[in-house]
Engineer: 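Below you'll find the structure I mean.
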Amino acid sequence: QVQVVESGGGLVQAGGSLTLSCTASGLRFNTYNVGWFRQAPGKEREGVSCIGYIGGTTVYADSVKGRFTISRDNAKNTLYLQMNNLKPEDTAKYYCAAGVTITRACSRRGDTYWGQGTQVTVSS
């Protein structure tokens, strides 16, 4: 059974930093493109950043370029998202996804595995 579990969310002031982590089990993590999506109240879920299965390819949403960094540790089956210079508009529930398509953007697939999400709230 596949399990995807996020951690690291919280409340932070604008300009602050957070690091999200995601651990996946029940799948061969090093064969999956993985990524982070987010969903704010009343908005659709959007791709934030994704990384290829060997880590050589990364994509970022324009809104987070230069502020967020995605990385993975295949030995630990873990995905990270370092978020710096956070803004109130980054407030959302952040979801880890395993099995995504990476082109010029991050895209979910019909067989994407999702975590339950972790809340990030940025106060102004």
Engineer: Hey, could you give me each pair passing disulfide (SG to SG under 2.5 Å) that has a residue in residues 33-73? Not counting sequence neighbours.
Structural biologist: Cys50-Cys106
Engineer: Would you find more than 12 non-hydrogen atoms of other residues, nucleotides or ligands less than 6.0 Å from Leu11 atom CG?
Structural biologist: yes
Engineer: Testing the basics here: between Gly52 and Ile102, what is the closest heavy-atom pair and its distance to 0.1 Å?
Structural biologist: N-CD1, 3.5 Å
Engineer: Considering only residues two or more places apart or on different chains, which pairs with a residue in residues 102-124 satisfy ring-ring contact (aromatic ring centres under 6.0 Å, His included)?
Structural biologist: Phe37-Trp114
Engineer: Examine distances only and state if a side-chain atom of Thr91 and a backbone atom of Val122 form a donor-acceptor pair shorter than 3.5 Å.
Structural biologist: yes
Engineer: Show the nearest heavy-atom pair for residues Ala105 and Val59, with the distance to one decimal.
Structural biologist: C-CG2, 4.0 Å
Engineer: Is Met83 close to Val120 at the side-chain level, that is, under 4.5 Å between some pair of heavy atoms?
Structural biologist: yes
Engineer: Spell out, as yes or no, whether a donor-acceptor pair under 3.5 Å connects the side chain of Thr112 to the backbone of Ala97.
Structural biologist: no
Engineer: If you look only at pairs with a residue in residues 51-96, which of them pass as a disulfide (SG to SG under 2.5 Å), with sequence neighbours excluded?
Structural biologist: Cys22-Cys96
Engineer: Decide if atom CD of Glu46 counts as having more than 12 heavy atoms of other residues, nucleotides or ligands within a radius under 6.0 Å.
Structural biologist: yes
Engineer: Is any side-chain heavy atom of Phe29 less than 4.5 Å from a side-chain heavy atom of Thr78?
Structural biologist: no
Engineer: Under a 4.5 Å cut-off applied to non-hydrogen side-chain atoms, are Tyr60 and Val48 in contact?
Structural biologist: no
Engineer: Consider only side-chain N and O atoms of Arg72 and Asn74, and report whether a donor and an acceptor are under 3.5 Å apart.
Structural biologist: yes
Engineer: Nearest 0.5 Å, what's the CG-CZ distance between Asn30 and Arg28?
Structural biologist: 6.0 Å
Engineer: Could I get the full list of side-chain hydrogen bond (donor to acceptor under 3.5 Å, both in side chains) partners for Asn85, not counting sequence neighbours?
Structural biologist: none
Engineer: The criterion is side-chain hydrogen bond (donor to acceptor under 3.5 Å, both in side chains); which residues satisfy it with Lys43, sequence neighbours excluded?
Structural biologist: none
Engineer: Give the minimum heavy-atom separation between Gly16 and Val12, together with the two atoms involved.
Structural biologist: CA-CG2, 3.8 Å
Engineer: As an exercise, state the distance from OH of Tyr94 to CG of Leu20, rounded to the nearest 0.5 Å.
Structural biologist: 7.5 Å
Engineer: So, Ser17 versus Asn84: side-chain donor-acceptor pair below 3.5 Å or not?
Structural biologist: yes
Engineer: In chain order, what residues pass the side-chain hydrogen bond (donor to acceptor under 3.5 Å, both in side chains) check against Asp90, with sequence neighbours excluded?
Structural biologist: Arg38, Arg67
Engineer: Give me the atom names and distance for the closest heavy-atom approach of Leu27 to Asn77.
Structural biologist: O-ND2, 4.5 Å
Engineer: Any side-chain heavy atom of Leu81 sitting closer than 4.5 Å to one from Ser49?
Structural biologist: yes
Engineer: May I ask you to check whether over 12 heavy atoms, not counting those of Tyr80, lie within 6.0 Å of atom OH?
Structural biologist: yes
Engineer: Can you name the nearest heavy-atom pair linking Ser124 to Ala14, along with the distance?
Structural biologist: CA-CB, 4.3 Å
Engineer: Is there a donor in the side chain of Gln82 and an acceptor in the side chain of Thr19, or the other way round, less than 3.5 Å apart?
Structural biologist: yes
Engineer: To the nearest 0.5 Å, what is the distance between NZ on Lys93 and CD on Gln39?
Structural biologist: 9.5 Å
Engineer: Could you point out which residue of Ile51, Val100, Leu79 forms a side chain to side chain contact (heavy atoms under 4.5 Å, CB included) with Trp36?
Structural biologist: Leu79
Engineer: Looking at Tyr95, I'd like to know if the NZ or CZ of Arg45 sits under 6.0 Å from its six-membered ring centre while staying within 45 degrees of the ring's axis.
Structural biologist: yes
Engineer: If I take atom OG1 from residue Thr121 and atom CG from residue Leu86, how far apart are they, to the nearest 0.5 angstrom?
Structural biologist: 10.5 Å
Engineer: Distance from Thr101 atom OG1 to Asn33 atom CG, nearest 0.5 Å?
Structural biologist: 7.5 Å
